[in-house]
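Encoded as C-alpha cells, here's the structure I'll be asking about.
Remember, it's a predicted structure, so these values are computed and weren't measured experimentally.
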Amino acid sequence: MNATDMRLAALESWLHQVLPGQVQGVEVASADASFRRYFRATLAGGATRIVMDAPPDKEDIAPYLQVARLLERTGVHVPHVHDVDPSQGFVLLEDLGRAPYLDALRQPGCVDALYADALAALLRIAVAGRDLAAELPPYDAAVLEREMQLMPEWFVAAHLRLRLDADEAALLRRSFDLLIAAALEQPVTFVHRDYHSRNLMILPGRNPGIIDFQDALRGPLAYDLVSLLKDCYIGWPRERVEAWVRQQHAALRAAGFEGLPREREFLRHFDLIGLQRHIKVLGIFARLWYRDGKIGYLGDLPLTLAYARDTAARYGELQPLARWLEARIAPLLAGANARELAPRPPPMACPA
C-alpha cells in the first residue's frame, strides 16, 4: 500500500470513529494547489461532509482553523468545523456543495446576482474583519517582495527560458519597489488572499460559501477586491470592472470604513495591488507545473499576463515595465505553453 492509500485508509478509519455507523461512502472531492486533499463523505440519510486531508509533515492545519473561526465571527459563510484530529491532519467540515462560481459565471444571466453576493460578503470581511485582522500576520514588504520574486524565477526563467540582463533585473527591482510602496499606502484589513471564482461556492442561502482561506493576512484593503474582479480564471470588460469597484467603494463609505481614500485613489490602489498579485500568480502557476507537476494552470497564464500588461500600460510610472512586458515577455508565452502542453510521446518499451 502506498503512502496516499495509507492516508486514505487512516482517514476512513477516523471518520468511522467520529461518525460511528453513519458513513456510507467516501469519494474524492478536490485537491488544491498545495498538499491538501478533500474527500466527500456520504452519511446515512444522504447528508454529506467534507474531510480535509492535510499531511502534518507538509501542511499545518492551525492557520485554517484560526482563520475559519475569525471569518465565522464576521458573519460570512465558511465551512463549519465539526471535528479535528490535529495529530493526523484531518478536519471534518460542512459541505458547501459542488457548484463553484466559475461554472455559473459563464452564463450571462447569473453574473450580476452572484457578484452582488460576493461583494456583500467581501464588505463584511473588510468591515467586520478589520479589528479581527489584528490576529493575523502582516502582509508586509517582505511577503510582497517574496511573492513577486516567483515571477522571474519560475515564469521568466523556467517557463519562458529567458535570462534577464542587468538592465532588466534593475527594471523589475524598481517596479517591485513601486508596487510594494503602493500596497503599503493602503488602509489595512482582513485579506482572504484568494477570493475568486474557484473559491466561492453557490449556495441557496447565505451565498456565497467561501473556501481556501487559510493563507489570510492583515493587509491592503483592495487586495481581495482585485482577486474577485480581475480573476485569473475569467475576465470582464474594464468598464464593468470599474463599475463594480465604484459600487464597492460606495458600500465601504456607507459602512463608515475609516481612512477610505477617494474613489480615484481607490481605483489606483485596486489596479496596483492587482499588478502585484498577477506578477505573483504568473510565478505560482509556472511553479505548479515545474516543481509540483500540476500542468493545468499553464492555460491560465495568458489571462494573468494580459491583466499585468493592461495595468502597467495605464500608469505613467509603470511604462518601462509595460514596454518590457510587450516586447520581451508577451511574444514568448504562446510558444512556451505550446512546448509544455504538447502531447508527450509514450516511453519506449525495453527490448525483450
How are the rings of Tyr233 and Phe285 set relative to one another: parallel (under 30°), tilted (30 to 60°) or perpendicular (over 60°)?
->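 Plane angle between 30° and 60°, so tilted.
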Are Val111 and Arg240 close enough, and set up right, to give a side chain to side chain contact (heavy atoms under 4.5 Å, CB included), and what steps lead you there?
-> CA-CA 11 Å; Val111 173; Arg240 196 169 198 181; 3.6 Å; yes
For Leu92, the option from Val81, Ile50, Leu15 that meets side-chain contact (heavy atoms from CB on, under 4.5 Å) =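 Among Val81, Ile50, Leu15, the one meeting side-chain contact (heavy atoms from CB on, under 4.5 Å) with Leu92 is Leu15.
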Just by distance, do the side chain of His278 and the backbone of Ala306 share a donor-acceptor pair under 3.5 Å?
->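 Looks like no, no N/O pair under 3.5 Å.
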Answer yes or no: is there an ion pair linking Arg238 with Asp271, defined by an N-O contact shorter than 4.0 Å?
->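 Yes, this pair counts.
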Is it possible for you to say whether Leu122 and Val188 belong to one hydrophobic cluster, with membership spreading through side-chain heavy-atom contacts below 4.5 Å?
->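 No, it is not one cluster - the side chains of Leu122 and Val188 are not joined through contacts under 4.5 Å.
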Enclosure of Arg163 CZ (heavy-atom neighbours >12, cutoff 6.0 Å) |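 No, CZ of Arg163 has 12 or fewer neighbouring heavy atoms, counting only those of other groups under 6.0 Å.
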Check whether any side-chain heavy atom of Arg130 lies under 4.5 Å from a side-chain heavy atom of Glu258, and answer yes or no.
->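 Result yes, sub-4.5 Å side-chain heavy-atom pair found.
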What's the spacing between Thr311 OG1 and Phe270 CZ if we round to 0.5 Å?
->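 So the OG1 of Thr311 and the CZ of Phe270 are separated by 8.0 Å.
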Is the backbone N or O of Leu225 less than 3.5 Å from a side-chain atom of Gln248, with the two atoms forming a donor-acceptor pair by type?
->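 No.
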Which of these passes side-chain contact (heavy atoms from CB on, under 4.5 Å) with Ile125: Ile210, Thr189, Leu70?
->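 Result: among Ile210, Thr189, Leu70, Ile210 is the only option passing the side-chain contact (heavy atoms from CB on, under 4.5 Å) with Ile125.
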To the nearest 0.5 Å, tell me how far Arg218 CZ sits from Asp140 CG.
->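 One gets 8.5 Å once the value is rounded to the nearest 0.5 Å.
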Could you check if a side-chain atom of His192 sits within less than 4.5 angstrom of a side-chain atom of Ser227, using non-hydrogen atoms only?
->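 No - every pair of side-chain heavy atoms lies 4.5 Å or more apart.
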Evaluate the side-chain proximity of His159 to Leu301: yes if any heavy-atom separation is below 4.5 Å, no if none is.
->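 In contact.
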For the side chain of Arg174 and the backbone of Leu318, is there at least one donor-acceptor N/O pair under 3.5 Å apart?
->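 Checking the backbone N and O of Leu318 against the side chain of Arg174, no donor-acceptor pair under 3.5 Å is found.
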Determine whether Asp215 and Pro63 make a side-chain contact, defined as any pair of heavy atoms from C-beta on separated by less than 4.5 Å.
->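 With C-beta onward as the side chain, the pair stays apart.
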Check whether the side chains of Trp289 and Glu340 place a donor and an acceptor atom closer than 3.5 Å, and report yes or no.
->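 Present: a donor and an acceptor within the cut-off.
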Asp53 versus Tyr38: any side-chain heavy-atom pair under 4.5 Å?
->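 They are not in contact (no side-chain heavy atoms under 4.5 Å apart), so the answer is no.
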Can any side-chain N or O of Gln186 pair as donor or acceptor with the backbone N or O of Leu221 at less than 3.5 Å?
->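 At least one qualifying donor-acceptor pair exists.
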What residue among Phe176, Phe155, Tyr307 forms side-chain contact (heavy atoms from CB on, under 4.5 Å) with Ile279?
->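 Only match with Ile279 under side-chain contact (heavy atoms from CB on, under 4.5 Å): Phe176.
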How long is the gap from CZ on Arg36 to OH on Tyr64, to the nearest 0.5 Å?
->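 The OH atom of Tyr64 is 9.0 Å from CZ of Arg36, to the nearest 0.5 Å.
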Taking salt bridge (Lys or Arg N to Asp or Glu O under 4.0 Å) as the test, write out the residues that go with Glu153, two or more places apart.
->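 Expected list: none.
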Parallel under 30°, tilted from 30 to 60°, perpendicular over 60°: which one fits the rings of Trp236 and Trp244?
->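 Rings of Trp236 and Trp244: perpendicular, as their planes differ by over 60°.
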List the atom of Leu119, the atom of Gln247, and the distance in Å for their closest heavy-atom pair.
->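 That would be CD1-NE2, 3.7 Å.
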Pairing of Arg277 and Asp194 as salt bridge, 4.0 angstrom limit |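 Here Arg277 pairs with Asp194 in a salt bridge, since their nearest N and O are under 4.0 Å apart.
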Kindly say whether Asp292 contributes a backbone atom to a donor-acceptor pair with the side chain of Arg287 at under 3.5 angstrom?
->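 No; judged by distance alone, with no hydrogens or angles, the pair does not exist.
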Flag if over 12 foreign heavy atoms under 6.0 Å of CD, Glu27 =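 Yes, enclosed.
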Are the side chain of Gln66 and the backbone N or O of Glu135 linked by a donor-acceptor pair below 3.5 Å?
->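 Pair found, side chain donor or acceptor close to backbone of Glu135.
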If we only count heavy atoms from C-beta on, is the Cys232 to His196 side-chain gap below 4.5 Å?
->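 Side chain of Cys232 against side chain of His196, heavy atoms only: no contact under 4.5 Å found.
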Go through the steps for Arg37 and Arg7 under the test side chain to side chain contact (heavy atoms under 4.5 Å, CB included), then give the verdict.
-> CA-CA 10 Å; Arg37 298 183 301 165; Arg7 292 281 312 166; 3.7 Å; yes
Taking only distance into account, with no hydrogens and no angle test, what donor-acceptor pairs under 3.5 Å do side-chain atoms of residues 325-332 form with protein atoms, sequence neighbours excluded?
| residue | atom | partner | partner atom | Å |
| --- | --- | --- | --- | --- |
| Glu326 | OE1 | Arg309 | NH2 | 2.8 |
| Glu326 | OE2 | Arg309 | NE | 2.7 |
| Glu326 | OE2 | Arg309 | NH2 | 3.3 |
| Arg328 | NE | Glu168 | OE2 | 2.7 |
| Arg328 | NH2 | Glu168 | OE1 | 3.4 |
| Arg328 | NH2 | Glu168 | OE2 | 3.2 |

In Å and rounded to the nearest 0.5 Å, what is the CG to CE distance from Asp103 to Met201?
->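 Output value for this atom pair is 8.5 Å.
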Those residues that, when tested against Gln22, pass side-chain hydrogen bond (donor to acceptor under 3.5 Å, both in side chains) (two or more places apart) =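 Gln22 satisfies side-chain hydrogen bond (donor to acceptor under 3.5 Å, both in side chains) with no residue once adjacent residues are dropped.
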Leu96 reachable from Leu65 in the ILVMFWY side-chain graph, under 4.5 Å edges |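 No, separate clusters.
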Is any side-chain heavy atom of Ser87 less than 4.5 Å from a side-chain heavy atom of Pro56?
->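 Contact flag for Ser87/Pro56 side chains = no.
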Nearest heavy-atom neighbours spanning Val143 and Pro138 |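 Scanning both residues, the minimum pair turns out to be CG2-O, 4.0 Å.
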Treat each ILVMFWY residue as a node, draw an edge where side-chain heavy atoms are under 4.5 Å apart, and state whether Leu341 and Leu303 are in one component.
->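 In one cluster with Leu341: Leu303, no.
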Is the number of heavy atoms from other residues, nucleotides or ligands under 6.0 Å of Arg198 CZ greater than 12?
->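 More than 12 heavy atoms, drawn from other residues, nucleotides or ligands, come within 6.0 Å of this atom.
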So, Arg268 and Glu317, do they make that salt bridge, N to O below 4.0 Å?
->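 Glu317 and Arg268: salt-bridged.
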Between Thr74 and Leu71, which heavy-atom pair has the shortest distance, and what is it?
->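 Shortest heavy-atom separation between Thr74 and Leu71 comes out as OG1-O, 2.7 Å.
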Do you know the tightest heavy-atom contact between Leu144 and Ala183?
->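 Scanning both residues completely, I find the closest heavy atoms to be CD1-CB, 3.7 Å.
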Would you indicate whether the side-chain heavy atoms of Trp324 and Leu164 approach each other to under 4.5 Å?
->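 Heavy-atom side-chain distance check passes, below 4.5 Å.
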State, without any angle test, whether Asn207 and Tyr101 hold a side-chain donor-acceptor pair at a distance under 3.5 Å.
->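 Their side chains do contain a donor-acceptor pair, which is all the 3.5 Å distance test asks for.
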Are Ile211 and Tyr297 connected, step by step, through hydrophobic side chains (Ile, Leu, Val, Met, Phe, Trp, Tyr) whose heavy atoms are closer than 4.5 Å?
->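 No.
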Roughly how far, to the nearest 0.5 Å, is CZ of Arg173 from CD of Glu145?
->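 Separation between the atoms: 4.0 Å.
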Shortest non-hydrogen separation from Leu305 to Leu282 and the atoms involved |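 So the two residues come closest at N-CD2, 3.8 Å.
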Please step through side chain to side chain contact (heavy atoms under 4.5 Å, CB included) for the pair Trp14 and Val51, ending with a clear verdict.
-> CA-CA 10 Å; Trp14 177 71; Val51 193; 4.0 Å; yes
At their closest point, which heavy atom of Asn337 faces which heavy atom of Leu298, and how far apart are they?
->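 Nearest pair, atom of Asn337 first, then Leu298: ND2-O, 3.0 Å.
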Pair Glu147-Tyr139, side-chain donor/acceptor within less than 3.5 Å |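 Result is yes, a qualifying pair exists.
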Between atom CG of Asp95 and atom CZ of Arg40, what is the distance when rounded to the nearest 0.5 Å?
->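 Answer rounded to 0.5 Å: 4.0 Å.
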Do Leu200 and Leu228 pass the side chain to side chain contact (heavy atoms under 4.5 Å, CB included) test, and can you show the C-alpha distance, the side-chain angles, and the key distance before you say yes or no?
-> CA-CA 10 Å; Leu200 300 175; Leu228 177 69; 3.7 Å; yes
Under 3.5 Å, is there a donor-acceptor pair between the side chain of Tyr195 and the main chain of Ala118?
->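 Between the backbone of Ala118 and the side chain of Tyr195 there is a qualifying donor-acceptor contact (under 3.5 Å).
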Donor-acceptor under 3.5 Å (Glu94 side chain, His80 main chain) |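 Judged by distance alone, yes, a pair lies under 3.5 Å.
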